[in-house]
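See structure below.
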Protein chains: 2
Amino acid sequence: MRQPPPVETFPANTPAASQIFTTVLSHGPLTRLEAARRAGLSPAAVTKAVKPLIEAGYLVEDTADEGRPTLGRPANPVRVDGGRALFLGVKVTGDEIIAVLTDLCCRIRADRRLPLAGRDTRSVLADIARLVDELLLSADELGSTVQGLGIAVSGDVDRAEGVVRYSPFLEWRDVPLAELAAMTCGLPVTVDNDVRALTVAEQWFGEGVGLSDFAVVTVGAGIGCGLVVHGRVVSGAHGVAGEIGHVTVDPAGPACHCGNRGCVEAIAGEAAIVRQVRAATGRQVADATEAVALAHRAVPGVREVYARAGEAIGRGIATVANLLGPERVIISGEGLAAHDLFAGQIRDAFTAAAFGSAARCDVLTRPLPFEEWARGAAATAIQSFISSDHPQPSR
Amino acid sequence: MRQPPPVETFPANTPAASQIFTTVLSHGPLTRLEAARRAGLSPAAVTKAVKPLIEAGYLVEDTADEGRPTLGRPANPVRVDGGRALFLGVKVTGDEIIAVLTDLCCRIRADRRLPLAGRDTRSVLADIARLVDELLLSADELGSTVQGLGIAVSGDVDRAEGVVRYSPFLEWRDVPLAELAAMTCGLPVTVDNDVRALTVAEQWFGEGVGLSDFAVVTVGAGIGCGLVVHGRVVSGAHGVAGEIGHVTVDPAGPACHCGNRGCVEAIAGEAAIVRQVRAATGRQVADATEAVALAHRAVPGVREVYARAGEAIGRGIATVANLLGPERVIISGEGLAAHDLFAGQIRDAFTAAAFGSAARCDVLTRPLPFEEWARGAAATAIQSFISSDHPQPSR
DNA sequence: GGGCTTCTTTTCCGTCGTCAATAAAAGAAG
DNA sequence: CTTCTTTTATTGACGACGGAAAAGAAGCCC
């Protein structure tokens, strides 16, 4: 195994410094005055926080002198130097591992995929280590060092403890993944639920920037949901939240693997759609791609399946909006390949079922390449790095 | 109009002091060491925070020396002196006003009810003023002074601005109620949504004490829901949240006044139940009380109506649990008069529809006398008083 | 080159909370 | 009856942090 570089500590000890850095990270180049206003702090505090960050190379002065007002001393915006530090993000599914190398601004610099050799902890860890090694080489070529590794797993994950409590796809229970991976890779490791990781990425680097209340809904094999309330990602008292996939939208609907009937996932999940398309056409349909193709060829009955799926998703989103009143809902996921097939139904069902001001919620779709999941994992690593609450690799 | 007493300022300027006071308020008598542990502060901080609070009379040393361990210096617990300050809580419905006088510990000391003379702002304000005056007299008899007034109104309320954005029952739009009432009564006024006010009361003085994630579901004329996430009451980006009443539980269900079908409220709201009981029995049924009576007399078809209502409520609660993963759900409201008629169904439907760990959520029912709504309003006033973010009466 | 405006930095200061040492209040031991 | 032990509370020194205000800096305009 390659020896990873020594890990630095981030020179933002105080809450204010951390907050200012995050503000600049999310809102791009900012003058000190603007940063102060955005973070609700005094300009003096910004100067004090920024200085060590510039000295350490995490921030740089931006000499973009355009659109400057003609009067007064020119502003001196600062921005994050993305190349200053690199991070790894790994998404583990039931079949494969997707890994990305990102910079500090969470831009993807390299990526790798690897089919899963086996689902036992040992095998998965070995596969992760292999991809990590490859990406560490890419990092060397970029002339920067990797400061953390984020791993995203679907299921019940305790981020604080770095433990995968239960993963249905991997059939894992109480696996201390952060500790294990830290020992294997020699990097600080953050482990989180995949949808929450994606939500963090949206919150810091995507369409959730600056919003204190929003939701991310992922449409794919499952239907997931990440929630941000009061500016924080919701984890629930028992580590599980955002199970929009198992919100009942039709008590008379099809049975779901969860034991209930008419869950969103039982109508709009990938498996459910494939099953319904098969039933409607009487043809062999292997996967979602084929189902979409049939729909686009206007095979009778297929579009109706997607319409029903869109309706279920729209109702689910309306439920979230009615309960939490988010400012925005970001719909994402592999399932958006079929976007044109149900976008209208999502919108209609949402509008119909959203109550009062909840309808003012902004619903947008955002196509999501699969690497995005891994990028989410990297975002959690960046978050941990900045908050300096890294679980130290214990070896 | 009686001259109300001058308003004091609460001697807990620092966040830590405020937090320690709140901790003692919610958790009853606490030794300084315990309070420190609970609030996550040093014992020294507690001593410093407690001293001025004792001097000002808000805290008193409790000399309850029972169950003391036999060794070491005896602990010296402190508790809040409820009688030190009084508060008024007013709940305004479409028909009447309920007002309570509480002490600092939010114990009800006196209460009044008054049918609404009219629904226009002027008339309602006059009625509020009348009840406030009466209760200020009671306050004099108790030998303490009133430090704030809380008003709870159903609908879309902006607490920070003290404005009722929209109240369907009163047909109000953008009424600056806090300012108006402050001028009329000469007290600091806090205005909040009624369900949120009740949630605050549960959070500080009820079954939500010590929980960072829980929900309050009210069953009555409407079905409401207050949410606490990350220890804070959720208000939503547009001021509306917790609309569990308009979560769809059966797309084939009865039409709701909100324009949708199969909302929880359209099945389990008071009006819906009365309508269904009428249809099932063919009898004249005036209100919920009669409907409950019919059910208790085992009139055919009536119990089924309640069973359906319980199922709808249970599903709604399961939806909340699936999305937010609260630690507890507190079911409350006037509708609980029919508690025995649907408690079983609520529980069954919840268990069936709750996914994974969400089912570990603790669902409890809590009968709620109508004054409790007004007590919730008082709780918001207490909260404002302690946080010292009182909107000053501007006159 | 002053004057003006706006952004940034510096210096000083008050606040707050922790640390570590000390005091206090018992019962237990001798 | 004194001293020790144990636990709780208080004190005072200290350091960190962020704000206020004033000074400095860097342009444009005349």
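Throughout, a chain's letter reflects where its sequence line sits, starting with A, and its residues are numbered from 1.
- When all heavy atoms are compared, the tightest approach of A:Phe214 to A:Thr199 is CZ-O, 4.0 Å.
- The phosphate of C:dG17 (OP1 or OP2) has a side-chain N or O of B:Thr14 nearer than 4.0 angstrom.
- With distances taken from any side-chain atom of B:Ala45 to the nucleotides C:dG17, D:dT8, C:dT6, the minimum falls on C:dG17.
- Nucleotide D:dA16 holds its C1' atom 15 Å from the CG atom of A:Leu41, rounded to whole Å.
- The listed nucleotides are C:dT9, D:dG19, D:dA26; the one nearest the side chain of A:Pro43 is C:dT9.
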Pairing of DNA chain C as dot-bracket, 5' to 3': ( ) intra-strand, [ ] crossing, | other strand, . unpaired, with Watson-Crick or G-U pairs under 3.5 Å? ||||||||||||||||||||||||||||||
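- Contact annotation for A:Lys48: base contact, defined as any heavy-atom pair under 4.0 Å involving a base atom.
- Between the C1' atom of D:dA25 and the CG atom of A:Asn76 lies a distance of 11 Å, rounded to the nearest Å.
- Put simply, CG on B:Leu53 is 13 Å from P on D:dT10, counting in whole angstrom units.
- Atom NZ of B:Lys51 and atom C1' of D:dA9 are 10 Å apart (whole Å).
- Whole-Å rounding puts the A:Asp62 CG to C:dC7 C1' distance at 16 Å.
- A distance-only check finds a donor-acceptor pair linking the side chain of B:Arg32 to the backbone of B:Asn76 [under 3.5 Å].
- Smallest separation of non-hydrogen atoms from B:Gly83 and B:Ser144: O-OG, 2.8 Å.
- On a pure distance criterion of 3.5 Å, a polar donor-acceptor pair joins the side chain of B:Arg73 and the base of D:dT8.
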Show the numbers, then the answer: is there a salt bridge (Lys or Arg N to Asp or Glu O under 4.0 Å) between B:Arg84 and B:Glu8? CA-CA 11 Å; B:Arg84 176 61 181 78; B:Glu8 304 177 25; 2.8 Å; yes
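- B:Thr47 comes within 4.0 angstrom of a base, heavy atoms only.
- Residue B:Leu71 contributes atom CG, which lies 6 Å from atom P of D:dT7 at whole-angstrom precision.
- Side-chain contact, A:Gln383 with A:Arg159: a donor N or O sits under 3.5 Å from an acceptor N or O.
- Closest approach to the B:Ala44 side chain among C:dC7, C:dC19, D:dG19 is made by C:dC19 (side chain taken as heavy atoms from C-beta onward).
- At least one side-chain heavy atom of A:Val229 sits less than 4.5 Å from a side-chain heavy atom of A:Leu324.
- The closest side-chain heavy-atom distance from B:Ser26 to B:Val209 is below 4.5 Å.
- When each of D:dG18, C:dT8, C:dG17 is scored by its nearest atom to the side-chain atoms of B:Pro15, the top-ranked nucleotide is C:dG17.
- Proximity of A:Thr190 to A:Leu149: side-chain heavy atoms (C-beta onward) are nowhere separated by under 4.5 Å.
- Contacts between residues 16-37 of chain A and DNA chain D, defined by a heavy-atom separation under 4.0 Å, are made by A:Ala16.
- Here A:Asp213 contributes atom CG and A:Arg232 contributes atom CZ; the two are 12.5 Å apart, rounded to the nearest 0.5 Å.
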